[in-house]
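Remarks on the structure that follows.
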Amino acid sequence: MNEPTIEDYFHEDRVFPPPASLQAGAVVSDESVYDVAAADPEAFWADAARTTLSWSTDFHTTLEWDLPFAKWFIGGELNVAYNCVDRHVEAGNGDRVAFHWEGEPGDTRTITYTDLLDDVSRFANALRHLGVGRGDRVAIYMPMIPELPVAMLACARIGAVHTVIFGGFSPDSIVDRVNDSEVSCVVTADGGFRRGAPAALKPAVDAALPSCPSVKSVLVVRRTGETVEMTAGRDHWWHELREQVDAECPPEPMGSEDLLFLLYTSGTTAKPKGIMHTTGGYLTQAALTHAWVFDLRPETDVYWCAADAGWITGHSYIVYGPLANGATQVMYEGTPDTPDKDRLWRIVERYGVTQLYTAPTAIRMFMKWGDEFPARCDLSSLRILGSVGEPINPEAWMWYRTHIGGDRCPIMDTWWQTETGAHMITPLPAITALKPGSATRPFPGITAEVVDDHGDPVTEGGGYLTLTGPWPSMLRGIWGDPERYRETYWSTYPGRYFAGDGAKVDADGYLWLLGRVDDVMNVSGHRVSTTEVESALVDHPAVAEAAVVGATDPVTGQAIVGYVILRAGVDGSAELVEEVRQHVATKIGPTARPKAVMVVPDLPKTRSGKIMRRLLRDVAEGRDLGDTTTLADATVVEEIRRRAAADADAPGGGAN
Ligand code: PRX
């Protein structure tokens with residue numbers, strides 16, 4: 001017997017029509033874009049490429065599709081840095097602010113497009129001076145300072161390929177990535193400010209490089225002023241080279257399919273994959289989605305993506321999309337609770353931020369901290385909110401809308417991946433009626449389908465999210481491993497890209513993401529999505545955040561075990577825990593009632609904020625912990641384990 005596809009339990013009836021106030025002057029105000037794109041997706045993207053970007057040579061062929069290998073805009077040449085910087089200066093917008101940057105200690109820098117051009121050109125010349133040329137790989141390991149986007153754009157300017165390594169990663173992670181892509185130059189900084197103190201970065205590079213034979217040079221940006229060791233002949237200060245190099249650096253014309261960057265995704269266990277993104281298609285989709293999804297009006301908006309540039313979100317929606325569109329942005333170096341939990345809201349107020357893009361994990365943290373922090377600030381400049389990285393539970397969605405969006409801003413729940421390069425499933429602010437927790441529908445020109453175990457489309461109900469055609473910003477492969485590319489993404493359902501996520505379609509055709517299929521639980525033959533049970537848990541007023549896993553159970557196959565973080569000021573009594581369990585049963589049905597619910601102070605997360613359910617499963621099943629190196633805070637699981645053991649020893653045993 002085939003296993004059933006994923007159950008569809010959670011029903012959400014609230015609908016929010018697009019605000020009338022956004023319609024006048026909206027970048028996209030007419031539904032017909034969907035039909036136009038669907039009628040001829042290639043023509044739609046060709047038009048987007050030509051109208052959104054400046055090409056030094058036009059392309060002659062829009063798409064060559066030899067599944068799973070795509071080439072977009074063949075014959076075209078362009079330079080990404082030119083598109084993101086020079087052309088705005090040439091158009092007379094050199095005085096426009098590109099970045100309002102704020103350091104964690106409160107220091108600020110205002111960087112115009114003219115300033116950016118100067119910095120990027122000099123940085124590019126500095127890289128050239130260090131021997132970096134077209135096609136060479138450069139690793140960037142930096143805090144959130146303006147030199148991070150500058151370094152990325154400098155690589156793009158000379159045709160070098162960057163691979164940004166998130167500044168929170170360890171020397172081992174640097175070694176793996178640098179060696180896999182044979183990096184010749186590393187760009188780093190002495191450190192950055194986090195939680196009120198300097199956090200060093202350069203020592204991690206120093207620790208890694210003895211194991212990285214390909215690296216010839218290191219370019220070091222001074223940020224904290226802390227003492228660092230400089231290895232003679234290898235290490236160079238950016239501020240010194242800056243004065244020695246030429247201020248002009250002509251942008252290198254690049255082929256549309258030339259590699260722009262590699263970005264490693266760690267997955268939960270396997271060797272990190274170097275996801276390959278190329279030039280023309282990537283920039284087209286990053287820029288178009290950014291303009292449409294955030295309704296960008298570059299003359300007046302102040303857009304803020306609060307992600308780290310080390311993730312794909314930062315690549316596409318801090319660096320490439322927004323800058324290609326000539327946006328004015330906010331960039332912030334530090335943590336959201338330094339010096340106080342209102343830091344982000346102070347920034348929104350100070351710069352008059354119009355669009356804020358952040359992650360559900362952050363939103364749930366703000367919920368837990370309490371409403372008073374955003375209430376202290378004037379957030380009336382905000383027009384549009386965005387969410388990315390995980391399914392957003394309806395309650396978190398409602399909190400975001402109410403407490404940040406003043407009940408006025410639509411929320412763009414954008415589903416996409418490192419591999420997709422840009423938004424794939426997302427509302428458009430002036431035309432999509434929103435349902436809390438739904439990413440709504442594919443972006444124009446994108447085709448997605450939910451399929452069952454046989455790969456047949458599901459018209460209503462739960463299944464697996466697949467993409468049915470090539471898209472411009474799709475990954476072009478995994479660095480050095482074309483077979484793994486085919487195997488990982490294109491072999492589960494023949495002819496389809498399988499994203500690894502569960503999803504359901506409702507009666508209106510709206511898509512609801514259900515989390516990674518690896519996390520789906522099987523309870524008495526019902527496949528239950530973690531997202532649905534977690535949403536039901538977070539729906540309880542006492543619960544700020546929740547994670548559930550399926551732990552082996554002799555009777556039901558798997559039993560649902562929930563871990564919850566309570567809102568500030570709530571006590572985790574046995575009665576409350578029982579009430580929370582019951583709430584799930586009432587909300588979505590008895591099969592989904594967790595067998596046990598444990599109150600925990602925190603949940604194990606990756607450094608990008610995704611919950612590591614695999615580790616919770618290990619705890620629930622009393623196993624030794626697997627690999628914890630990608631955890632943001634390794635002590636969290638130990639604490640949960642300690643509590644689980646204490647619970648098991650207590651009279652009555654178990655959380656429930
Ligand atoms: O599971 C989905 C989840 O994040 C995965 C991609 O992770 P990553 O490559 O790190 O990129 C994150 C930023 C794009 C997806 O497979 N995910 C991302 N956005 C959403 C989401 N799940 C539900 N809703 C979203 N909006």
Side-chain angles (χ1 to χ4, degrees), residues 6 10 164 166 169 262-268 272-277 282 285-286 289-290 293 305-318 320-321 357-364 385-394 396-397 400 411-427 432 434-443 446 448 450 464-467 473-475 478 488-489 492 497-504 510-520 529-532 534-535 605-614 630 632:
I6 305 169
F10 197 98
V164 180
F166 173 59
F169 280 140
L262 296 173
L263 187 57
Y264 284 84
T265 57
S266 34
T268 44
K273 305 187 281 272
I275 303 298
M276 297 162 65
H277 281 291
Y282 171 77
Q285 196 173 332
T289 51
H290 177 257
V293 171
C305 168
D308 192 284
W311 310 120
I312 191 68
T313 305
H315 282 56
S316 301
Y317 298 104
I318 297 176
Y320 294 117
Y357 192 25
T358 185
T361 179
I363 297 163
R364 291 188 297 256
L385 301 175
S387 171
V388 58
E390 281 181 296
I392 177 164
N393 324 111
W397 195 100
Y400 195 26
I411 298 173
M412 301 298 103
D413 176 5
T414 59
W415 179 88
W416 59 295
Q417 307 179 299
T418 304
E419 291 88 341
T420 72
H423 297 158
M424 300 297 283
I425 298 175
T426 174
T432 314
L434 305 174
K435 302 186 186 186
S438 169
T440 75
R441 61 190 290 189
F443 188 82
I446 301 297
V450 174
Y464 311 98
L465 181 66
T466 64
L467 302 167
S473 64
M474 66 190 272
L475 76 164
I478 296 173
T488 308
Y489 303 105
T492 316
Y497 172 91
F498 177 47
D501 284 330
K504 68 180 187 185
Y510 275 53
L511 293 165
W512 302 74
L513 275 300
L514 296 177
R516 305 292 298 166
V517 293
D518 301 345
D519 291 332
V520 165
S529 100
T530 52
T531 302
E532 296 222 303
E534 287 164 8
S535 290
K605 292 193 181 151
T606 64
R607 289 179 174 83
S608 67
K610 291 192 210 300
I611 298 168
M612 300 257 300
R613 293 182 187 75
R614 179 176 58 78
T630 49

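Along the sequence shown, the residues carry numbers beginning at 1. One-based numbering, in listed order, for ligands and for the atoms of each.
- Annotation for ligand 1: atoms under 4.0 Å from non-hydrogen atoms of Thr414 are 19 (N), 20 (C), 25 (C), 26 (N).
- The residue from Trp416, Trp311, Tyr317, Trp415 that puts a heavy atom closest to atom 14 (C) of ligand 1 is Trp416.
- An N or O contact shorter than 3.5 Å links Gly389 to ligand 1 by distance.
- The contact set between ligand 1 and Asp413, taken as ligand atoms under 4.0 Å from a residue heavy atom, comprises 24 (N), 25 (C), 26 (N).
- For atom 23 (C) of ligand 1, the closest heavy atom belonging to the protein is Pro391 N, 3.0 Å.
- Using a 4.5 Å heavy-atom threshold, the side chains of Glu532 and Trp512 count as separate.
- Taking the six-membered ring for Trp and the full ring otherwise, the centers of Tyr317 and Trp416 sit less than 6.0 Å from each other.
- Counting heavy atoms from C-beta on, the side chains of Gln285 and Met424 come closer than 4.5 Å.
- Nearest to atom 4 (O) of ligand 1 by heavy atom, out of His423, Met424, Lys610, is Lys610.
- In this structure, Tyr282 and His277 approach most closely via the heavy-atom pair CD1-ND1, 4.0 Å.
- Of the possible donor and acceptor atoms, none in the side chain of Ser473 sits under 3.5 Å from a partner among the backbone N and O of Ala286.
- Residues Glu390 and Lys605 are not paired through a salt bridge, judged by the lack of any N-O separation under 4.0 Å between the basic side chain and the carboxylate.
- For Ile425 against Thr440, the heavy-atom pair with the smallest separation is CG2-C, 4.3 Å.
- The residue Ile392 has no part lying near ligand 1, judged by heavy-atom distances below 4.0 Å.
- Only the backbone of Glu390 comes within 4.0 Å of ligand 1, judged by heavy-atom distances.
- Looking only at side-chain heavy atoms (C-beta outward), Trp415 and Asp501 come within less than 4.5 Å of each other.
- Contacts with ligand 1 closer than 4.0 Å are made by side-chain heavy atoms of Asp501 only, the backbone lying farther away.
- In this structure, atom 13 (C) of ligand 1 lies nearest to the protein heavy atom Thr313 OG1, 3.4 Å.
- For ligand 1, the polar-atom distance check finds an N/O of Thr418 within less than 3.5 Å of one of the ligand's N/O atoms.
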